[in-house]
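Report on the following structure.
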Amino acid sequence: MKTCPVCNEGKLHPQIEMREVEYNGHTAKLAMQYSLCDDCGVEVTDADDMRKNKNLMKEFMAFAGP
């Protein structure tokens, strides 16, 4: 488990949260990924999480159209 980059004390725990997004008049709930520190409570999104979240958004935007 990774150590929190903010407090350097807590451990980061992977989280998935359904977040509502809107694009071009369409809405959807997407399973966005991030990590939560068990000590200071900060939410951290690393490069892998960002890549996965970006791909989810790209898929949704392709579905929703221009």
Worksheet item: Looking at OG of Ser35 and CD of Gln15, how far apart are the two atoms once the value is rounded to the nearest 0.5 Å?
Response: 7.5 Å

Worksheet entry | Lys29: side-chain hydrogen bond (donor to acceptor under 3.5 Å, both in side chains) partners, not counting sequence neighbours | none

Worksheet item: Can you name the closest pair of heavy atoms from Leu12 and Thr3 and give their distance?
Response: CD1-O, 4.0 Å

Worksheet item: Counting heavy atoms not belonging to Phe63, are there more than 12 under 6.0 Å from its CZ?
Response: no

Worksheet item: Among Leu36, Asp38, Asp39, which residue meets the side chain to side chain contact (heavy atoms under 4.5 Å, CB included) test with Lys11?
Response: Asp38

Response to the item:
dist Ile16:CD1 -> Asp49:CG (nearest 0.5 Å) comes out at 9.0 Å

Worksheet item: What residues form a side-chain hydrogen bond (donor to acceptor under 3.5 Å, both in side chains) with His26, not counting sequence neighbours?
Response: none

Worksheet item: In chain order, what residues pass the salt bridge (charged side-chain N to carboxylate O under 4.0 Å, His left out) check against Glu43, with sequence neighbours excluded?
Response: Arg19

Discussion item. Would a single hydrophobic cluster contain both Phe60 and Met32, if residues Ile, Leu, Val, Met, Phe, Trp and Tyr are joined by side-chain heavy-atom contacts under 4.5 Å?
Written reply: yes

Worksheet entry | Pairwise distance NZ(Lys2) to CG(Asp46) - rounded to 0.5 angstrom | 4.0 Å

Worksheet item: Linking I/L/V/M/F/W/Y whenever their side-chain heavy atoms sit closer than 4.5 Å, directly or via other members, would Met61 and Val21 fall into one cluster?
Response: yes

Worksheet item: Can you tell me how far the CE atom of Met57 sits from the CG atom of Asn53, to the nearest 0.5 Å?
Response: 10.0 Å

Response to the item:
dist Cys40:SG -> Glu9:CD (nearest 0.5 Å) comes out at 9.5 Å

Worksheet item: Closest approach of Cys37 and Cys4, non-hydrogen atoms and distance?
Response: SG-CB, 3.5 Å

